[in-house]
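Structure record follows, encoded as structure tokens.
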Amino acid sequence: MNKRSTFVTGDLRLSGDQGGDITAKRIKLLEEVNTQGSISAAAKRLGISYRSAWDAVDEMNNLWESPLVSKQPGGAHGGGTQLTKEGQLLIENFKLLMEQYRRFTEGLSRNLNDFERFQQNIRRLTMRTSARNQFQGTVEMISSGPINTEITLAINDKDRLTAIITQESVEHMGLTLGSEVYALIKASFIILTPFDENLITSARNRLCGTIRELRHGPVNSEAIIELEGGKILTAIITEESSQTMQLDQGSQVCALIKSSHVILGVN
């Protein structure tokens with residue numbers, strides 16, 4: 001009876017302190033954007049939807065320390081999209097890591113005992129989130145109480161997010177000033193209002209920006225908002241609310257988010 005050979009395989013996924021979810025597929029998207037000079041053309045080359053490509057670029061720009069892709073507005077010479085120096089450096093480094101990763105998995109295939117059981121345990125430790133909005137930020141302020149603690153994050157030079165979590169969670173995640181943290185917010189948790197500097201609400205978070213795209217549906221609409229600090233926020237509102245507020249591309253809005261609706265996570 002022949003003994004079945006087991007080979008270690010897998011996809012390299014970068015989720016480091018300085019950025020978000022980077023995979024080989026996303027690196028390929030960045031390469032095509034660099035070649036084609038357009039996200040729509042890159043999406044067509046890769047056989048993916050225009051929306052999926054835009055969403056991937058927005059997420060990478062949100063979670064990376066500085067933008068990987070620069071979107072140029074149209075004009076006399078037309079608009080376009082290009083990689084920043086940070087984006088080009090990421091591609092170069094990812095390819096070097098891929099080669100090292102290949103050698104590593106080949107070594108594991110030769111030396112790891114009982115890999116099948118080990119792989120099952122690893123799967124239990126992996127997780128993906130359904131939260132539409134993910135931001136990487138730095139803990140700027142910690143206000144502790146006997147039960148709950150208020151955490152303020154800087155997600156860029158201008159925008160701040162405040163979350164209320166238990167003191168136990170603070171200790172479990174080891175949060176201190178300067179800690180790198182991920183903030184997750186479901187799109188349905190966000191309340192949109194027309195921009196009003198004098199508006200006072202009980203929501204702890206108020207992020208303002210411009211609607212870059214408004215996707216209409218029979219019941220709900222999805223608003224893609226470019227915040228003042230450059231990050232992208234997605235909100236789900238009813239189509240009726242969209243019509244009542246007369247929202248459209250270019251509308252100035254503010255997103256209201258309760259601090260209890262911001263979920264924090266660390267690597």
Side-chain angles (χ1 to χ4, degrees), residues 8-106 126 128-137 155-157 159 180 182 187 209-215 222-234 249-250 267:
V8 179
T9 60
D11 296 322
L12 180 62
R13 182 183 298 271
L14 298 183
S15 298
D17 292 339
Q18 294 185 351
D21 201 9
I22 304 297
T23 63
K25 290 182 178 179
R26 290 192 167 183
I27 289 296
K28 185 63 178 175
L29 173 60
L30 293 179
E31 288 181 314
E32 288 296 338
V33 168
N34 193 43
T35 301
Q36 304 296 326
S38 142
I39 293 178
S40 58
K44 186 175 181 180
R45 284 275 298 176
L46 295 175
I48 61 177
S49 70
Y50 173 74
R51 174 178 173 178
S52 295
W54 266 103
D55 287 347
V57 169
D58 283 341
E59 182 179 326
M60 287 187 285
N61 277 348
N62 270 358
L63 294 177
W64 209 254
E65 187 175 14
S66 58
L68 303 175
V69 176
S70 174
K71 289 161 274 189
Q72 305 297 327
H77 302 289
T81 307
Q82 61 183 17
L83 293 189
T84 63
K85 290 183 179 180
E86 190 77 7
Q88 294 170 350
L89 182 61
L90 173 62
I91 291 176
E92 294 174 7
N93 287 336
F94 192 91
K95 289 182 176 180
L96 291 175
L97 285 173
M98 279 294 295
E99 177 59 25
Q100 295 300 317
Y101 183 66
R102 182 188 64 79
R103 295 177 183 177
F104 171 71
T105 54
E106 287 179 353
T126 61
R128 293 187 180 182
T129 174
S130 63
R132 189 70 174 80
N133 298 290
Q134 303 178 41
F135 298 99
Q136 185 259 348
I155 60 175
N156 56 38
D157 291 341
D159 297 315
E180 299 293 329
Y182 289 96
T210 304
I211 294 181
R212 193 182 72 184
E213 185 177 356
L214 190 61
R215 300 164 180 167
E222 183 181 64
I224 312 299
I225 305 155
E226 185 167 348
L227 301 178
E228 294 174 350
K231 300 293 186 182
I232 300 299
L233 185 71
T234 300
Q249 183 177 351
N267 285 330

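Quick caveat, the model's predicted, so the values are computed rather than measured.
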Main-chain N/O of [Y] paired with [X] side-chain donor or acceptor, under 3.5 Å:
X	Y	result
Ser40	Tyr50	no
Asn61	Leu68	yes
Thr210	Gly250	no

How far apart are the closest heavy atoms of [X] and [Y], and which atoms are they?
X	Y	value
Leu29	Ala56	CD2-CB, 3.9 Å
Ser49	Ala43	O-CB, 3.8 Å
Gly229	Asp159	N-OD2, 3.3 Å
Phe94	Ala24	CZ-N, 3.6 Å
Gly230	Asn156	N-ND2, 4.4 Å

Checking side-chain contact (heavy atoms from CB on, under 4.5 Å) for the pair Arg51/Arg215: CA distance, chi angles, key distance, verdict? CA-CA 10 Å; Arg51 174 178 173 178; Arg215 300 164 180 167; 2.8 Å; yes
Please report the interatomic distance [atom1]([X]) to [atom2]([Y]), rounded to the nearest 0.5 Å.
X	Y	atom1	atom2	answer
Ile224	Ile211	CD1	CD1	9.5 Å
Ile91	Glu86	CD1	CD	11.5 Å
Glu92	Ile27	CD	CD1	10.5 Å
Asn133	Leu233	CG	CG	4.5 Å
Gln88	Asn34	CD	CG	5.5 Å
Asn62	Ile155	CG	CD1	7.5 Å

[X]/[Y] ion pair, N-O < 4.0 Å:
X	Y	answer
Lys95	Glu31	yes
Arg26	Glu59	yes
Arg212	Asp58	yes
Glu32	Lys28	yes

With no hydrogens and no angle check, do the side chains of Glu213 and Gln249 hold a donor and an acceptor under 3.5 Å apart?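 No.
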Apply side-chain contact (heavy atoms from CB on, under 4.5 Å) to residues Ile232 and Ile225 and explain how you reach the verdict. CA-CA 6 Å; Ile232 300 299; Ile225 305 155; over 6 Å; no
Going through the checks in order, is the side-chain contact (heavy atoms from CB on, under 4.5 Å) test met by Tyr182 and Gln134? CA-CA 7 Å; Tyr182 289 96; Gln134 303 178 41; 5.8 Å; no
Could you check whether any side-chain heavy atom of Leu90 comes within less than 4.5 Å of a side-chain heavy atom of Leu30, counting everything from C-beta outward?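 In contact.
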